[in-house]
Amino acid sequence: MMDKVYLDNAATTRVDSEVLKAMEPYFTKDFGNMASLHSCGREAEHAVEKARRDISKKVNGKDHKLVFTSGGTESNNFTLKGVAFANRDKGKHIITTKIEHECILNAAKWLEKQGFDVTYLPVNKEGFVELDVFSDAIRKDTVLASIIHANNEIGTIEPIRELGKIAHDHNVLLHTDACQSFTKVPIDLKKDNIDLMTINSPKIHGPKGAGGLFIRQGVKMEPLLHGGGQEFGYRSGTVNVSGIVGFAKAVDIMKDKHLKHMEKIRDMLIDGATDIPESWLNGPRGKDRLANNAHFSFRHIEGESLIVHLDLKGIAASTGSACSSKSLEPSHVLMAIGLQPEDAHGSIRFSVGKENTKEEIEYTLRSLHEAVETLRKMSPLK
Amino acid sequence: MGLGYTEKVMEHFKSPHNMGEIKNPDGVGKVGNPVCGDVMKIYIKVRRYKGKEVIGDIKFQTYGCVSAIATTSMMTKLAKGKDLDAALKISRNDVANALGGLPPIKMHCSHLATEALEAAIKDYRKTGKKKAK
């Protein structure tokens, strides 16, 4: 048995040792408040401004301000609520999709209670938003469209450039949640027609509690947090210097070779797992799939049992089964791509990372075959 | 692992008791629905012992989560050897308590397990009685 095989990198990742090293001085030496005037504060400020420049460069963010936040949930809430309230005079309609992360969906539901109108776009079987479905949903009073860049469950990468073009042709702002795709999919904020973009650190071997929102200059936003006016007045609160430094380091050390490695072991998983009878891959294959995501359904078994069987063998994965959720509802993403509830229950997501090895994937596949067989033997469904 | 299961639950999940089918059973009970993520099927063999009808053998098949599997396993363990009236008195709490408790959201699993047993006994009383020795 292998010690520990971590295949839940879409949930969060291990902090890279280089990242940790880069952060350390900002806890003990340059710990100052970057709003302070003394040199200790200035060192911190330099570090944050360098991080802001370096991260912005990665996505051609010349026309955007990068506002650091606590992570994806905050950036997504800030976008929806901040844009909705600042642009009320223009319109009260927001478009999003049925496959967003809960922080978008629940913020949108809250806005509905405040009197805003929200359209939740359907997706096709592979999880793509269709362009004409999007343009048909745009109304005269639409102010914002928020569409996830790469889906966190099934790994579908949306055609964001084309969606952004349609949004801009109709004078609608486009926000994308790039928590899963940032550094894994090339992004050019200008060419991709993105007005606002959410990014975060813990998915890319950076520390938790650090994230950001790119905001195109001129976009009207209300802040979520009022206070001392940090982060250009968009986000008050003492700036998380060490977290931001670590975030920038994590972005810096993500290289093409890591992506190639992830794609290779992802495809190993896909080929090996779909060898199991009555199983299939959810989401697309190839270049429109996130480099680190493999998501499967297995008939006649239930996901939580499968996850726990694998956990007993030291393998960490996740499931969209109802039984694993607090609500006892199957995953909204799997419902949106048209899976039957009984098939959604038997689903499992593996998300690989740069640290996973070929041997770990082979071990995982052997364990997966065994676990599915054990549970099917137990199952009355045939 | 954040699921809040007791060691006893994990024990029954890892090595379930009485798992499988009985050929020519005296009674069969099936409850649950694949749409909801749980299906339990119970097979019983009834024999006469000191003038009473006793569960001589019991087997189960379960599609479902850890708790669904563990509760069916525990229920069969509690029911085996009991006379039918005593077996019918096994409550959802008896099953949950024998497992050292269940997370509140999973209590319905122990309910399903006892319902499956009831269904099997009912089936026996309706159709299987003549077959039992």
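Note that these values count all heavy atoms, side chains included, but never hydrogens, waters or copies made by symmetry.
With a 6.0 Å radius and a threshold of 12 heavy atoms from other residues, nucleotides or ligands, Glu7(B) has its CD atom at or below the threshold. Within 6.0 Å of CD in Glu102(A) there are more than 12 heavy atoms belonging to other residues, nucleotides or ligands. For Lys113(A), the NZ atom is loosely surrounded, since the number of other residues' heavy atoms within 6.0 Å does not exceed 12.
In terms of non-hydrogen atom pairs under 4.5 Å with chain A, the most contact-rich of Ile69(B), Val35(B), Val39(B), Thr72(B) is Val35(B).
Heavy atoms of Lys30(B) lying under 4.5 Å from chain A are absent altogether. For chain B, the nearby part of Leu381(A) is the side chain; its heavy atoms alone come within less than 4.5 Å. With a 4.5 angstrom heavy-atom cutoff, Pro16(B) touches chain A only via side-chain atoms.
To the nearest 0.5 Å, atoms OH (Tyr63(B)) and CZ (Arg299(A)) are separated by 10.5 Å. To the nearest 0.5 Å, atoms OG1 (Thr62(B)) and CD (Glu302(A)) are separated by 11.5 Å. In this structure, CD in Glu304(A) is found 3.5 Å from NZ in Lys106(B), a value given to the nearest 0.5 Å.
Between Ser305(A) and Cys65(B) the shortest heavy-atom distance is OG-C, 3.1 Å. Smallest separation of non-hydrogen atoms from His345(A) and Cys36(B): NE2-C, 3.5 Å. The two residues Leu375(A) and Phe13(B) come nearest to each other via the heavy atoms CD2-CE1, 4.5 Å. Nearest approach of Met19(B) to Lys377(A), heavy atoms of both residues: SD-O, 4.2 Å. Considering all non-hydrogen atoms of both residues, Leu312(A) and Met10(B) come closest at CD2-CE, 4.0 Å.
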